[in-house]
2 protein chains.
Amino acid sequence: MTQPKTDPRILRTRKLIMDSFMELSGEKEFKDITVKDITTEAMINRATFYYHFEDIYDLLEKVLSEVLLVNLDCEFYKNEKLNEEVIVSIFMAITNFQKSLSNRCHRGYEDTIARIIREQLEIVFYKLLCNQHPTKDEQSLKVTAVMLSWGIYGASVEWRRSGKKVSPEEYIKLAIPFLI
Amino acid sequence: MTQPKTDPRILRTRKLIMDSFMELSGEKEFKDITVKDITTEAMINRATFYYHFEDIYDLLEKVLSEVLLVNLDCEFYKNEKLNEEVIVSIFMAITNFQKSLSNRCHRGYEDTIARIIREQLEIVFYKLLCNQHPTKDEQSLKVTAVMLSWGIYGASVEWRRSGKKVSPEEYIKLAIPFLI
DNA sequence: TTCAATATGTTGTATAAACGACAAATTTGA
DNA sequence: TCAAATTTGTCGTTTATACAACATATTGAA
């Protein structure tokens, strides 16, 4: 139940690294950011970086996941069903997240970003489905979560591609009757 | 010549503490800020605070000194004489510093702040005098620095009291013919 | 291409920071 | 005014971070 709470130094150092990375990715391309840049900005030793992250791609992955999770506001979904309100708010979280990314320089990593978004969505949908259908078998719920995650992500891609003529709410609501 | 450069953790922790203190002093009165408040904001342990500072007054002193020194831009004075330009820039540094303090909540500590400003000024003037009169004896230069520091500080008090009718440059220039 | 410079990861050892417990002082509010 | 709660300041032990040295990529300019 109560995990052996992590050392505050770890939380602080990770925050310093992640904040520095976000700062730098607002200034230059991801491919031009080095570990040295990050650790200098964060005022930590380069070796300490490797204590917390595999490499710079691992950092990208964890930063994006965390930012996306904040956008998703997962606390809100505790004991929540997969209703219209939840789907709309998830869809808006994704579009907001992608909007915030457009200020950053991650060109050439669109695939990685897409994968991260989809993986996080799958986790969220799986939790929601477990709430709603506690008796159903695990495999069915997992496959459903996969499909929903691809579906919602794809919808966000198409919405942007279509020139954002309608609001994200309106757009996703068009599909909801067929989903639930 | 080359001092055994301080551990980066020390620099980082001091910065975290000082930044947090400045942040908090923009939110509430100095007397209402506790060591716990600061260390929570800075994400460091309370014991670590005492590793770096005697107490909260020591922190106030060091923060103000540092902010003032940044305003004074001491690097600029290296090998500089005590000419009109330098005096004007010192005077403006003080008035700017006091202006930036007015956004913070240090009511009841005006005397402490005044003392800190004067002490820093004394150091700066002493250095300048040493540049200008390397042959003169130490005691004379020290007393002169004391008088100049009180004088300039007093001028800043009177300038503000007079309603700031003239710009700080104009105000201090009135006295310069009698100083150099 | 070549080669110098820079970046990446990895180690063992030294040190700053976290923890938690403590007594003493100060603040609060009943 | 008194008692409870909070804050302050200190100490010994454990742990994360700094350092410096290293071999190995990767980059970039001649």
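Throughout, protein chains are lettered first and strands after them, A, B, ... in sequence-line order, and every chain is numbered starting at 1. The figures here come from the full heavy-atom set of this structure, side chains too, leaving out hydrogens, waters and symmetry mates.
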Whole-Å gap separating P (C:dA14) and CG (B:Asp7): 14 Å

Heavy atoms from other residues, nucleotides or ligands near CD of A:Glu169 exceed 12 (cutoff 6.0 Å): yes

Sequence-distant partners of A:Glu27, side chain to side chain donor-acceptor pair (under 3.5 Å), two or more places apart: none

Length of the line joining B:Lys36:NZ and D:dT7:C1', which is rounded to integer Å: 11 Å

Rounded distance in Å - CD (B:Glu54) to C1' (D:dT8): 13 Å

Nearest-angstrom distance from the residue atom CZ of B:Phe49 to P of D:dC11: 17 Å

C:dC19 OP1/OP2 closer than 4.0 Å to side-chain N/O of B:Asn45: yes

Upstream residue (5' side of DNA chain C) when B:Ala47 and A:Tyr50 are each assigned their closest nucleotide: A:Tyr50

Protein-nucleotide distance (A:Arg46, atom CZ; D:dT17, atom P), rounded to Å: 16 Å

Atom-to-atom span, CG of B:Asp55 to C1' of D:dG9 - whole angstrom: 10 Å

Lys/Arg N to Asp/Glu carboxylate O, A:Glu170 vs A:Lys173, below 4.0 Å: no

Donor-acceptor pair (no angle test) under 3.5 Å: B:Arg9 side chain, C:dA17 base: no

Estimated bend of the helix from C:dT1-D:dA30 to C:dA30-D:dT1 (axis per five terminal pairs, rounded to 10 degrees): 70°

Whole angstrom value for the distance that separates P of C:dA17 from CG of A:Leu11: 17 Å

Distance test, side-chain N/O of A:Thr13 to OP1/OP2 of D:dT17, below 4.0 Å: yes

Selection residues 34-74 of chain B - residue pairs positive for ring-ring contact (aromatic ring centres under 6.0 Å, His included), sequence neighbours left out: B:Phe30-B:Tyr57, B:Phe49-B:Phe53

Side chain of B:Arg12 - closest among D:dT17, D:dT8, C:dC19: D:dT17

Pairs involving residues 123-149 of chain A, ordered by first then second residue, that meet ring-ring contact (aromatic ring centres under 6.0 Å, His included) (sequence neighbours left out): none

Counterpart residues, side chain to side chain contact (heavy atoms under 4.5 Å, CB included), relative to B:Thr144 (two or more places apart): B:Leu129, B:Leu148

Between P of D:dA18 and OH of A:Tyr51, the distance in whole Å: 12 Å

Set of side chain to side chain contact (heavy atoms under 4.5 Å, CB included) partners for B:Ser140, sequence neighbours left out: B:Asp137

Touch class at under 4.0 angstrom, heavy-atom based, for A:Ile44 against every strand present: sugar-phosphate

Below 4.0 Å: OP1/OP2 of D:dA16 and any side-chain N or O of A:His52: no

